Every structure is written in C-alpha cells, then in structure tokens.
Amino acid sequence: MPNVVIVGAQWGDEGKGKVVDLFTEFADVVVRFQGGNNAGHTLVVDGDTTILHLIPSGILHQGKTTVIGNGVVIDPLVLVEEMDLLARKGLEVEGGRMVVSRKAHVIMPWHKRLDLLRERRRAKAAIGTTGRGIGPTYEDKAARQGIRVEELVQPDIFRARVESRLDEVNDVLRGLGGDSFTVDEVVKPYAAAAERLRPLAADAALLLHERIVDGANILFEGAQGTQLDLDHGTYPYVTSSNTVAGNAAIGAGIGPTVIDEVVGISKAYTTRVGAGPFPTEIFGHDGEALREAGSEYGATTGRPRRCGWFDVPVLRYAARANGLTGVALTKLDVLTGLEKVPICTAYRLDGEIIQRFPDDQASLQRVEPVYETMPGWSGSIRTARSYADLPVQARNYVERIEELGGVQVVLVSVGPGRDDTIVRSNPFG
Ligand code: GDP
Ligand code: IMO
Ligand code: MG
C-alpha cells in the first residue's frame, strides 16, 4: 500500500497539480500538508482548466477523500470561493469529500496587509511574495498567537481571539504606515465562510491514521518547491514553510515511516517567480521565447515567470533534500524546435568547478553555470504516449538528466492535459 509524496524539485510551478491529478486515480486520499493560497496548481482535463490554490488536486476524481492538513495556512474567503468554483463545475466538495484540519492556521486580513507593507518597506530587497499573507501567518503560528480553524468555526471564540490580537496587530500596522482594523471589519467578512467550513473541520491526522491502518493509499501534495523551502531553499528568497518531503509527515500529522515513495516534479527547464538567486536564468530574447512557448505566467498572481535552462545541481540537491525515489519531468514539449538544448551540469565558483548547489548565500551569488548542449528535436511530441514515441534526441535529453541527476525519470509530461503523459514507472506500483 504505497504512500507517495509529491514535491516541487525547483522553484515551484513545476506541474505538481497535473501530476497529483494524474496519480489520484491510484490513491484513496489526497492531502495538502503545507503552504497556502500562495500556491496555484493547474489541472487540465478534457480541455477544461481548473486552478486550485487550497483544495487538493485530487478533488476532480469522484470517490476520493481530500484533506487540508494542519500544516496548511488557509484564507477562508479563498477556500470558500474555490468550493463555489468547483460547485459551478458540478463538483461537490462539501458532503464528506473534503476535510480541513482543525489545527490548520487561518490567514487573517491583517496578515495580508502586513505582507504587503513589509514588501513595500523592503523596497529593492523585496522577496516578491504573492501578497497572500503567508509569511505573517506562519510567524504568528511560531509565536504561538495564531488563530486556528478550530477557533474560526466557533463565532464567540473567534471574536474573542480577534479582540485579544487587535491591540498589538494595530500597533504594528500603524508602525509600518498602514491602516488599522476594527473587530467588526475582521469578524464580519469571515462569518459566512466560517459557517461553511464548520462541517468540514475535523481531526485530519486521526482520519489519515485510520485510513492508513485500513490499507488506503495516501498521496501527499506539496506546494511551492525545494528551492523555496524555508530552511533548505535560497533564503531569504523563500516561502515561510518547509516544502521538502520531510514536512509531509508534520504537516499531515502522520509518522515519517508511513511514507514509501517521494516523487520530485521538475520542469525540463527552470522557472522562478519572485526575486532571488537563479543561476541558469536566461535574459533577453531567448528567455522571452521560452516564457511564451511555456506560457510561463503565474497561476496565482499572473506575474511573468523568469525562465532558465535545466539545472542539474538543483535536481541533485532536490534528490538529496527530499530523498527522491523518482523525478517527473514536465513540459518537455516546450523545448521542441530548439536546435540545441543547453543543460547546466555544474557551476564555476571562483575558478573552480563544483557539482553541488552551494549552501551559503555568498557563493550562490557568485556561481556561474557550466553548460553542455544536447541536440534538439523538431516536430510536435504532444501526442507521444509511450517513451518510444519520443524522438531519439528527446529521449537522450531525458536520459542525460537522469544520468547527471542520479535519479530515475519516472514520468515525462508532454502537454498540460491529464492524458499528455508518459508514465515510465508508477510510484503506486
Ligand atoms: P504547479 O504549481 O506545480 O501545480 O504548476 P502550475 O500549475 O503553477 O504551472 C504549471 C503550468 O504548466 C500549468 O499551466 C500547467 O497546465 C502547465 N503544464 C503542466 N505540465 C505541462 C506539460 O508537460 N507541457 C505543457 N506545455 N504545459 C504543462
Ligand atoms: P506552487 O505551489 C512559485 C514564491 C513567491 C515568492 C516567494 C515567497 O504553485 O508551485 P510567499 O507568498 O509564499 O511568501 O512568497 O515564494 N512562491 C511561489 N512560486 N510557485 C508557488 O506555488 C509559490 N508560492 C510562493 O513568488 O518568490
Ligand atoms: Mg503553481
């Protein structure tokens, strides 16, 4: 009964949503374990596109349970809006198909305001956050003054918690040049959403435990990516949660021995949205061409994504930090038509060649990518459904990444649709 974790192996937006949707067929429960509605996971099924920010990407499949784990931070307005969006598509989220951990933390209106004020104050050093209040919500959680779903869904307790927080919150907001909140300004807009979420609030960890004991297959859906991990990413240009596979246990409330497989999702090139180090970034015309070919615009904020060539040290780092048992290589189709495809195999640091991704900021700022180039391929690969359907140059590219990265490519994605996929080895067996 394999339990499988799916994580981003780069800077997010690798196609996690697509792969989770695809593998949900083999799972019984799909659980989000960290991040919040900074995530934007795109699912394309029969030409219909759905972008999810909080609801697990397994929701499109009937008969599966979806769980928002304790490690997630939730904007109740966004969650309810997403439930309504799915309802309009004829998908019922309420009525037992989704459970929200009582322990998950609530993104409050002041968290969003603080996020934006802090970014403004950072000026040139801004992180380029999604502005969704993620950082301030996790700060309050760590400071043991956060508001959990359990409290959100009990109106009297929620109001009391807001009252007890607002004094300090308003001082901080004013100190940063922002507007303060009244209790009603906070409580009223959340009241209806809290009503909707009350029946979904549950002991999610217990539910997962019981399902695991029953032999169910659990799929853990990561958000963001390894290089955005709070500890292991390109700090301080990271998000405020641990995105690596180890956090699946903490953020879902199960023990790490339950996890059998960890699949990292990696684009066949790299992208990053927001500021921070990006060794293989392509500037100018070639970068723009890749952005257009891959439609590289953020699923949450619509911002243009920075684009770069495939980075082997990043993959090797992700393999190590997550304990990857396989990698899913997405968007291979986007590279079609290039005469030569560069792969960054190592970095040059102060005249020396290094294979590893540096763990200190100073080195990271100085590394220069070392490239080898592979012959490209032409002619659409969108209809390839078995590995043998791919042109030999595309297969060589995949196998070179496998060889240099030291991790097996278990899946190749050749288009955004659920079916535009070549599964070489299914982690569910
Ligand atoms: P996530 O955050 O990791 O789930 O990824 P996003 O949804 O933010 O971004 C991935 C984008 O690439 C989405 O627009 C997907 O529909 C699209 N996509 C995923 N896989 C492929 C693929 O193999 N080829 C192409 N052309 N697009 C893909
Ligand atoms: P998915 O799950 C790509 C980036 C932001 C910013 C940094 C911090 O769709 O892959 P935050 O709002 O989290 O405080 O922003 O992290 N970021 C993402 N980039 N994909 C995401 O999610 C991201 N979530 C956050 O752009 O650089
Ligand atoms: Mg995304």
Side-chain angles (χ1 to χ4, degrees), residues 6-22 32 34-45 47-54 56-57 72-73 75 107 111-112 114-116 118-119 126-139 221-230 233-241 243 264-278 290 293-306 328-336 380-382 384 411-422:
I6 286 183
V7 289
Q10 298 165 321
W11 280 276
D13 301 329
E14 299 92 345
K16 298 174 293 293
K18 166 178 167 161
V19 177
V20 170
D21 167 67
L22 181 79
R32 274 279 308 266
Q34 48 70 230
N37 45 278
N38 48 349
H41 295 180
T42 312
L43 324 181
V44 181
V45 181
D48 185 50
T49 299
T50 308
I51 298 178
L52 298 172
H53 304 287
L54 280 165
S57 297
V72 176
V73 292
D75 184 329
I107 301 175
H111 292 134
K112 288 178 262 187
L114 277 170
D115 192 354
L116 299 171
R118 292 228 178 92
E119 279 286 87
I127 295 164
T129 72
T130 59
R132 301 302 194 262
I134 305 298
T137 307
Y138 279 116
E139 280 171 45
E221 176 180 4
Q224 290 81 55
T226 304
Q227 293 296 348
L228 292 171
D229 181 282
L230 180 58
T234 51
Y235 192 89
Y237 298 97
V238 295
T239 191
S240 295
S241 67
T243 62
I265 316 298
S266 181
K267 278 179 191 166
Y269 48 98
T270 47
T271 63
R272 166 162 213 169
V273 53
F278 186 6
L290 199 51
S295 310
E296 295 296 354
Y297 294 89
T300 295
T301 56
R303 290 178 290 176
R305 295 174 182 150
R306 299 155 67 190
L329 199 64
T330 61
K331 307 192 90 159
L332 187 63
D333 55 301
V334 174
L335 299 178
T336 301
S380 175
I381 60 168
R382 279 272 181 115
L411 178 153
V412 179
S413 177
V414 293
R418 188 190 274 171
D419 300 330
D420 304 332
T421 315
I422 299 164

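Predicted, not measured: the structure shown is a model, and the values here were computed from it. Just follow the structure's listing: the first ligand is 1, and inside any ligand the first atom is 1. Values reported hereafter were calculated over all heavy atoms of this structure, with side chains retained and with hydrogens, waters and symmetry mates removed.
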Pairing of Asp75 and Arg132 as salt bridge, 4.0 angstrom limit: no
For atom 4 (O) of ligand 1, closest protein heavy-atom neighbour: Gly17 N, 2.8 Å
The Mg ion (ligand 3) contact by Gly40, N, O or S atom under 2.8 Å: yes
Contact (N/O only, under 3.5 Å) between Arg132 and ligand 2: no
Gln224 to ligand 1, any heavy atom closer than 4.0 Å: no
Protein heavy atom at shortest distance from atom 7 (O) of ligand 1: Thr42 OG1, 2.5 Å
Contact atoms of ligand 1, heavy-atom distance to Val334 under 4.0 Å: 26 (N)
Per-atom contacts of ligand 2 with Gly128, taking only distances under 4.0 Å to non-hydrogen atoms: 5 (C), 6 (C), 26 (O), 27 (O)
Atom 12 (O) of ligand 1: nearest protein contact (heavy atom, Å): Lys331 NZ, 2.9 Å
Proximity winner for atom 12 (O) of ligand 2, if only heavy atoms of Leu230, Val273, Thr130 are counted: Thr130
Under-4.0 Å heavy-atom contact with ligand 1, by part of Lys18 that carries it: side chain
Ligand 1 to Lys16 polar contact by distance, N or O atoms, under 3.5 Å: yes
Heavy-atom gap Ala39 to ligand 1 smaller than 4.0 Å: no
Contact check, Gly40 vs ligand 1, heavy-atom distance below 4.0 Å: yes
Numbered atoms of ligand 1 (with element) below 4.0 Å of His41, judged on heavy atoms: 1 (P), 2 (O), 4 (O), 7 (O)
Heavy atom of Asp420, distance to ligand 1 below 4.0 Å: no
Among Val7, Asp115, Asp13, closest by any non-hydrogen atom to atom 20 (N) of ligand 2: Asp13
Sub-4.0 Å heavy-atom contact, Glu296 with ligand 1: no
